[in-house]
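All chains are named by letter (A, B, ...) in the order of the sequence lines, taking the proteins before the strands, and each is independently numbered beginning at 1. Quick caveat, the model's predicted, so the values are computed rather than measured.
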Amino acid sequence: MSTDTKTAAKATQETLTGAQIVVRALKDQGVTHIFGYPGGAVLPIYDALFADEGITHVLVRHEQGATHAAEGYARSTGKPGVVLVTSGPGATNAVTGMTDALMDSIPLVVLTGQVATHLIGTDAFQEADTVGITRACTKHNWLVKDVNDLAHTLHEAFYIATSGRPGPVVVDIPKDVQFKPGPYLRPNELRLRSYRPKTDPDVEAINKAVEMMAAAKRPVLYTGGGIINAGPTASKALRELAALTGFPVTSTLMGLGAFPASSPQWLGMLGMHGTYEANNVMHDCDLMICLGARFDDRCTGRIDAFSPGSKKIHLDIDASQINKVIRVDLGIVADAGKAIGAMVAAWKAQNKKVDAPALKDWWTQIETWRAKNSLAYRPSKTTIKPQYALDRLYELTRGRDLYITTEVGQHQMWAAQRLKFEEPHRWMTSGGLGTMGYGLPAAVGVQVAHPDALVIDVAGEASVQMTMQEMSTAVQYNLPIKIFILNNEYMGMVRQWQQLLHGGRYSHSYSEALPDFVKMAEAFGCLGLRATTPDELDGKILEMINSKKAVLFDCRVDKTENCYPMIPSGAAHNEMILSDAGDGPGVSEEGKMLV
Amino acid sequence: MADIKRHILTVQVDNEAGVLARVVGLFSARGYNIESLTVAETDAAQHTSRITIVTSGTPAVVEQIEAQLRRLVPVHGVVNWTSAKGGIEREMALVKLDGGKRDAALKAAEPFKARALETGGKTLVFEIMDAPGQIDAFIAAMRPLGLLDVSRTGVAAISRDADAV
Ligand SMILES: Cc1ncc(C[n+]2csc(CCOP(=O)(O)OP(=O)(O)O)c2C)c(N)n1
Ligand SMILES: [Mg+2]
């Protein structure tokens, strides 16, 4: 900055209290909604919010709910989610959501109150070492001890949360700093000296990539949540690349929607509960083009048997992901939209052609795998199969402005397998951390961002009890979220593992003493619905969709249905268990050690 | 097992609160090994510090360590002296003996160029500045001569080239 502009900035500089600086910074960052819960150490900020009309504050019922709601808001809009909580228990309650956001690369800005600077280190009332506790579950965090540092720290926090590989950040603000007057700086006056995320791809790497693609005989595009995070240009570029090459496309749990499920090139999700065709393509391919995914263990299965014959290209915005789990032949560090766009441009400019006869043979092979129909299940006329419930949910919500969130368990995997997404930002699930209790508050956040949309949380009866109190938030703000509980009276995923790995000893996985969800809904002021037989399901689903209220739907499903296909821990992609009837490879002793 | 080698990493960081905790926390969270660690502010005007870490691992692990360090927001740069070669590494140690075998110890210390410090007679304290391997050798030589205590600084490293980190 030159001296001239410095003095100019000084001249226009305003003096505000720390709390006012917070509110002003949020507004200058374009924040319209925050999710929070008050307490002693953030009262000055709540006071500043009271005096200001520009920001809508959504009062949650537990700080974990605030973080998941902010995640749902962020993931469905592409904007950062903002959370405001008090010191001590407020901050510690928010830790799960931060960790969840870190694992799934969701931009969150979490503002925590802290005890006054002179009390720090004295075990003061509601003091916790928030920056210490959250160092491991944030992309970066700050304790702002001087009001002069507050404005630029807040703007840096937004920049760091949203740029490069997105993630959660914490700004911990002592109460005295919130009261003190200090200078307000605008967002363009950033002071960061390190941290320069690389977004432009190397031309050479792109050229090498298209060369490898043109030479491939059995290629696959393996896509992940990075494409969604990179914004609409990345999904668009992916669709173009797929159209140009005719390559098959699969995706991780986090990447669903980046590529349209209606495309004939779509193989379905890969990984532990992925389709037979997707996993066999991953195993047998000769070129794997990994775009914005990270070779997570749920996707790779046994590492030493992972796609043994393929060359691998890995595109990621985070350089540390390249060669972290799987050695690749070509790493590209860049923004997914820019890099895939550059691939499309290079392919066209260099007039590249695919190996058409080889690709034709590859597709013939793929169709034989597809013909296995690995998502099939045994239907029933008397009990509702969870797969049937989701198929009906999908059919009856088609064409709607629909957003889906999930909890964690079998229902989540069935939802990923059976609900078909055509666009990014429509599917919100806890992938990396697998946080039960994510889906209900995430639905709150999604509905806040999209008041007129249909927002459905596909839930399990166990998960939903973890953050059930957020129904009250939904009622308070007229958020008509639909909680579609696949109630199998079990922690189904745990029960499934106990059946397959622990000799059917169902230790503490039965959902005992369940509440009556219909009465519970009524107690919250929502609509409660229950379906127990297949023939009443459609009518009840329609009633749910058409209701203007928040709904708790108790869908009583088969209690012992298992989720297939499944790659047991420690097995390879081509060693899938296909259905209840099939006898797979079993689980090795080493496999049992894995989660 | 692929070959595990010793590596010296120099990390240039903003000297801000918690930066050392971030670096150390990264090593413990990801199960990396720290053999020694030195840190001090090297540019007071710029508020930058240099952290020198001696670690060991397979090439793949060390590549990950470097990449993970580069991800930290306050990190300006990371240099691996082992792969960059041409680095100079030095460490300082204070080595205390009980003084019972004073003459033998003074004689044995000579080839190491260790300097005896004034202690007022009872004990004998040597100061030695050298490559870490030489310091190991010196401590081994002093062990039978009444070794009481050792304090080492950990490694500082710099390149011979004209560039900076
Ligand atoms: C917070 C949390 N605790 C424990 C687990 C381990 N876990 C994974 S799935 C699951 C059972 C989920 O049961 P439910 O919500 O009923 O879903 P279902 O599998 O029956 O569809 C459990 C306990 C978890 N993922 N998250
Ligand atoms: Mg269940």
Asker: Is B:Lys107 atom NZ crowded by more than 12 heavy atoms from other residues, nucleotides or ligands, each under 6.0 Å away?
Answerer: no
Asker: Is it the side chain or the backbone of A:Arg196 that comes within 4.5 Å of chain B heavy atoms, both, or neither?
Answerer: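 A:Arg196 has no heavy atom closer than 4.5 Å to chain B.
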Asker: Show the nearest heavy-atom pair for residues A:Arg193 and B:His47, with the distance to one decimal.
Answerer: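 Where A:Arg193 meets B:His47 most closely, the heavy atoms are NH2-O, 3.7 Å.
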Asker: For A:Ile322, is it the side chain, the backbone, both, or neither that has a heavy atom closer than 4.5 Å to a heavy atom of chain B?
Answerer: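 Contact with chain B is through the backbone of A:Ile322 alone.
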Asker: Looking at NZ of A:Lys139 and CG of B:Leu72, how far apart are the two atoms once the value is rounded to the nearest 0.5 Å?
Answerer: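 So the gap between those two atoms works out to 11.5 Å.
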Asker: How close do A:Ser320 and B:Gln64 get, heavy atom to heavy atom, and via which atoms?
Answerer: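 In terms of heavy atoms, the two residues are closest at O-NE2, 2.6 Å.
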Asker: Heavy-atom distance under 4.5 Å to chain A: side chain of B:Val73, backbone, both or neither?
Answerer: both
Asker: Using heavy-atom distances under 4.5 Å, tell me whether A:Asn141 contacts chain B through its side chain, its backbone, both, or neither.
Answerer: both
Asker: Heavy-atom cut-off 4.5 Å, strictly under: side chain, backbone, both or neither for B:Arg22 against chain A?
Answerer: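 It is both, since atoms from each part get that close.
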Asker: Crowded around A:Leu330 CG? As in, over 12 foreign heavy atoms under 6.0 Å?
Answerer: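 More than 12 within 6.0 Å, yes.
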Asker: Please tell me whether B:Glu63 and A:Asn323 have a donor and an acceptor in their side chains that are separated by less than 3.5 angstrom.
Answerer: yes
Asker: Rounded to the nearest 0.5 Å, how far apart are OH of A:Tyr195 and CZ of B:Arg71?
Answerer: 10.0 Å
Asker: Atom CG of residue position A:Asn188 - does it have more than 12 heavy atoms of other residues, nucleotides or ligands inside 6.0 Å?
Answerer: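 Yes, because the 6.0 Å sphere around CG of A:Asn188 holds more than 12 heavy atoms from other groups.
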Asker: With a 4.5 angstrom heavy-atom cut-off, is it the side chain or the backbone of B:Ala60 that approaches chain A, or both, or neither?
Answerer: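 Looking at B:Ala60, backbone and side chain both touch chain A.
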Asker: Is it the side chain or the backbone of B:Ala17 that comes within 4.5 Å of chain A heavy atoms, both, or neither?
Answerer: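 Neither; nothing under 4.5 Å.
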Asker: With a 4.5 angstrom heavy-atom cut-off, which part of B:Glu16 approaches chain A: side chain, backbone, both or neither?
Answerer: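 It is the side chain, since no backbone atom gets that close.
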Asker: Tell me the closest heavy-atom pair linking B:Pro74 and A:Ser194, and the distance in Å.
Answerer: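 Taking B:Pro74 first and A:Ser194 second, the nearest heavy atoms are CA-OG, 3.4 Å.
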